[in-house]
Each structure stands twice: as structure tokens, then as C-alpha cells.
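Structure, as C-alpha cells:
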Amino acid sequence: MNPHSITHSSTPPFSTPIYMAMISSSVHSTLHKPFISPKHSQLNRIPLLASRLRYSSSTRTTTIRATSAVTVKPVSNVDKSGNSESPEVFACPVCYEPLIRKGPPGINLGAIYRSGFKCKKCEKTYSSKDIYLDLTVTAALRDYTEVKPTGTELFRSPLVSFLYERGWRQNFSQSGFPGPDEEFKMAQEYFKSAEGGLLVDVSCGSGLFTRKFAESGTYSSVVALDFSENMLRQSYEFIKRDGKLLNSNLALVRADVSRLPFASGSVDAVHAGAALHCWPSPTNAIAEITRILRSGGIFVGTTFLRYTSSTPLIVRRLLERALQPYSYLTEEEIEDLCLSCGLTNYSSKVEKSFIMFSAQKP
């Protein structure tokens with residue numbers, strides 16, 4: 001690996017949009033406005049199923065369980081119409097059992113859009129909503145609405161989703177982020193042992209790194225995962241501009257990082273760019289990432305540090321008070337968290353308040 005020089009600075013990222021937008025009342029007001037779904041011309045050309053997919057208790061299926069050492073490759077039973085009923089790479093977020101799909105096979109936008117999914121154990125069903133597959137525990141609930149902490153709800157805003165790659169993310173450079181292209185190269189170095197496997201881009205946002213991973217052709221499939229409906233819609237808007245990406249092994253999934261919809265030991269690589277500080281519980285999130293990684297699987301993340309080892313004590317105290325709504329951690333805390341969740345071979349690169357860290361599942 002050819003990393004940047006590692007330096008430490010006490011300069012906090014006050015000038016980044018993360019600090020200013022989190023208290024913006026104008027942004028907050030958008031959280032409760034209804035969102036009008038955009039028209040998706042490419043997907044509209046795909047014939048929709050005439051009615052909801054129905055499942056029969058007599059359906060014959062073969063269930064494959066993931067092990068901690070082997071990535072599961074679904075075995076499909078494809079009928080004459082091109083539909084399949086097979087165990088899936090996706091799992092139920094309630095009981096973690098592999099889902100059964102009814103529809104065309106493949107991890108791509110068109111196939112998933114025309115498929116229905118069902119958990120064989122708890123019988124909960126899942127389907128595509130708009131242009132993404134909703135695999136949250138609250139999917140399809142009618143009356144209950146769950147409100148997440150401020151750090152999560154902020155990024156569900158249509159305004160923040162629209163602005164993320166139109167100025168918001170670019171300002172991260174003031175805090176030491178080297179820029180998306182260089183961050184991608186750094187991540188790829190860590191992911192060398194996962195080449196040819198399944199990569200999950202957790203908290204993908206508008207899909208900035210999802211697109212880079214998919215375009216690289218390094219992985220068999222790339223799953224872009226976020227809790228924000230509007231981030232996933234924005235991600236699709238960028239994807240559909242490239243015909244190759246639109247038809248590649250790329251999926252958009254809505255999911256909670258604390259209940260990842262994958263079987264244990266089924267994923268080769270997990271990426272989380274500028275995300276950890278927004279998670280309601282970093283402990284639960286990294287424990288989940290550890291669970292879904294196969295043996296030898298790699299986790300790579302970037303985030304803002306609360307402060308570095310060279311930050312004066314008085315500044316540390318001020319930052320701890322100012323940043324309470326978010327989970328900004330120190331270098332030592334991130335390493336401790338990864339190791340306590342069972343990961344090994346921890347390493348990191350630091351520049352000002354930027355950190356890229358990597359760890360491996362034994």
C-alpha cells in the first residue's frame with residue numbers, strides 16, 4: 001500500500017457541513033415533508049408483475065446455510081418463464097434466515113425490482129419499494145413509525161441527500177479527507193483478499209463509493225445499503241446515468257446497520273465511508289458487521305475523529321460537549337471497539353481529523 005503521510009492535528013472539522021448542517025432548522029424542517037417519488041424510466045420499461053407474489057406452503061425449496069469459512073453462492077431453480085425460487089444472499093432482518101426469492105435470479109436492479117422475497121422461518125415478506133429493496137424490520141408496517149436519532153434522521157432529508165455530492169462531501173477535505181478517488185484506492189488496497197467476492201457498502205449515502213466499487217469490476221456483486229430512503233433514491237439517480245452500472249451486479253437495499261439482512265459468514269468485504277459517527281450504536285453496528293463477514297473477510301471504514309492524541313486537554317473537553325449528538329470517537333476507541341467485537345489485524349491511517357481503519361474477521 002502507498003498511503004499518505006500520517007500526521008496529527010488538533011484542528012477539529014468545524015468548517016465541514018456535518019457540524020453546521022446538523023443544527024440547521026431549515027434542514028430539520030424537511031424531515032417531515034412528504035416525498036414525491038421520482039419517475040424511473042429505466043425500471044418503468046421492465047414489465048411489472050400483474051399482482052403481488054404469492055407463496056405456497058407446498059413450494060419446494062433447498063435451503064443453504066452460510067458457514068464462517070465459505071461465501072454462499074445461491075443455487076437457483078429457474079422455471080421456463082425465467083423465474084427462480086431459491087435461497088438468497090439476503091437474509092431476514094428479524095431471524096437472519098436466508099430469504100426465498102420468487103422472481104428472476106441475480107443481484108441487479110432489474111431482477112430485484114421484479115422479485116418478491118419471503119423468510120421461510122417467520123414468513124415475513126419483503127419486496128422492492130420504488131427502486132430499492134426494503135429489508136428493514138419495519139418494512140410494510142402500516143401504523144407504526146420509528147424515528148431514529150438526529151444523526152440518522154438528518155440524512156433521510158431530501159435536501160441533504162440532494163446536496164451530499166453537490167458540495168457537502170467535497171468540504172470533508174478541510175478535515176483531512178484525501179478525496180473520494182484517493183480514499184477508494186486506499187480501500188481497494190485493504191480489500192485485495194476479498195477480490196471476486198461480495199462487497200456490501202454500508203451507509204452508502206448517495207452511492208459515491210458504491211459506484212466506484214461496481215465500476216472496478218473487482219467484486220462478483222456490490223450491495224449498496226442505507227437506512228435513508230432518499231439517499232437510495234439519489235443513488236439510483238446517479239446509477240441510471242451509466243447504462244453499464246444499471247445492468248451490473250449492483251443492488252440497492254434499505255436496511256438498518258444494527259440488523260444487517262445477511263446470513264452470518266456470508267459477506268467478503270464491508271465498506272463504511274464517513275459513516276461510523278452517524279450510527280446510533282457503533283458497538284451494535286460493528287458487532288453486526290463482524291457477524292456477516294466470512295472468516296478472513298475485511299471491514300474498512302472512514303470517519304471523523306473526535307480529537308487526536310495531540311489535541312490539548314481543554315479543547316478535548318469542549319469537543320466532547322459540542323459533539324454529543326454524534327458518535328465521534330478517538331483512534332484508540334475505534335481500535336478498542338473493533339477488537340472487542342472479535343475483529344483482528346487492525347490498522348489505520350490518520351490525517352488531521354480523518355481516519356481510515358481496517359480490521360479482519362479471524
Side-chain angles (χ1 to χ4, degrees), residues 17 21 27 30 33 35-48 90 103-115 127-135 154-173 177-188 191 198-255 269 271-275 302:
V27 172
T30 65
K33 291 183 180 180
F35 179 84
I36 300 176
S37 298
K39 295 182 179 179
H40 309 292
S41 57
Q42 282 83 350
L43 290 182
N44 288 339
R45 289 198 288 269
I46 300 173
L48 297 177
F90 302 117
I107 301 180
N108 59 74
L109 294 173
I112 291 175
Y113 185 72
R114 292 184 288 151
S115 297
S127 61
S128 293
K129 184 178 183 181
D130 222 346
I131 45 76
Y132 57 83
L133 175 62
D134 193 341
L135 292 180
L154 176 66
F155 291 95
R156 297 179 73 184
S157 160
L159 177 60
V160 174
S161 301
F162 178 81
L163 293 176
Y164 191 76
E165 289 189 44
R166 297 175 174 89
W168 182 292
R169 217 317 180 147
Q170 288 80 345
N171 282 332
F172 286 14
S173 60
F177 279 68
D181 290 340
E182 187 60 31
E183 291 167 48
F184 169 69
K185 291 178 183 177
M186 294 168 69
Q188 286 288 77
F191 284 140
L198 169 64
L199 181 142
V200 177
D201 190 13
V202 173
S203 298
C204 67
S206 58
L208 178 60
F209 289 98
T210 299
R211 301 193 300 276
K212 292 182 180 295
F213 288 126
E215 288 168 350
S216 73
T218 306
Y219 310 97
S220 60
S221 301
V222 176
V223 177
L225 184 153
D226 205 284
F227 189 76
S228 168
E229 304 91 328
N230 287 309
M231 281 294 189
L232 292 169
R233 293 183 184 115
Q234 186 62 64
S235 182
Y236 175 74
E237 289 301 312
F238 286 119
I239 290 171
K240 75 176 183 180
R241 297 177 185 178
D242 187 330
K244 292 182 179 180
L245 275 181
L246 196 62
N247 298 306
S248 65
N249 291 332
L250 169 63
L252 297 176
V253 176
R254 181 172 184 250
H271 175 262
T302 61

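- Scanning both residues, S220 and N249, for their nearest heavy atoms gives O-ND2, 3.1 Å.
- The closest side-chain heavy-atom distance from M231 to Y164 is below 4.5 Å.
- If you take OG on S228 and OH on Y132, they are separated by 8.5 Å, rounding to the nearest 0.5 Å.
- With T302 contributing its side chain and G273 its backbone, the two residues share no donor-acceptor pair below 3.5 Å.
- Between the side chain of R254 and the backbone N or O of L135, no donor-acceptor pair lies under 3.5 Å.
- With a 4.5 Å cut-off on side-chain heavy atoms, D226 and S206 do not count as touching.
- Y219 contributes atom OH, which lies 10.5 Å from atom CG of D201 (distance to the nearest 0.5 angstrom).
- Here the side chains of M186 and P178 are in contact, with some heavy-atom distance below 4.5 Å.
- No donor-acceptor pair under 3.5 Å is formed between the side chain of N108 and the backbone N or O of N247.
- When side chains are defined from C-beta on, I131 does not count as touching L109, because their heavy atoms never get closer than 4.5 Å.
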Between L232 and S161, is the side chain to side chain contact (heavy atoms under 4.5 Å, CB included) condition met? List the steps. CA-CA 9 Å; L232 292 169; S161 301; over 6 Å; no
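- Listed here is the closest heavy atom pair of A111 and P105: CB-O, 3.4 Å.
- The line from CG of L245 to OH of Y236 is 12.0 Å long, rounded to the nearest 0.5 Å.
- Side-chain contact between Q188 and S216 is present, with at least one heavy-atom pair separated by less than 4.5 Å.
- L252 contributes atom CG, which lies 7.5 Å from atom OG1 of T210 (distance to the nearest 0.5 angstrom).
- For the pair K212 and D181, the minimum side-chain heavy-atom distance is below 4.5 Å.
- Judged purely by atom type and a 3.5 angstrom limit, E237 has no side-chain atom pairing as donor or acceptor with the backbone of Q234.
- The line from CZ of F209 to CD of E183 is 4.0 Å long, rounded to the nearest 0.5 Å.
- Closest of all the heavy-atom pairs between L250 and A214 is CD2-CB, 4.4 Å.
- Atom CZ of R211 sits about 6.5 Å away from atom OG of S235, to the nearest 0.5 Å.
- Here the side chains of F90 and L133 are in contact, with some heavy-atom distance below 4.5 Å.
- Using a 30° and 60° split on the angle between ring planes, F191 and F213 fall in the perpendicular class, above 60°.
- Formation of a donor-acceptor pair under 3.5 Å by the N230 side chain with backbone atoms of S157 is not found in this model.
- In this structure, the side chain of S203 does not engage the main chain of A272 through any donor-acceptor pair within 3.5 Å.
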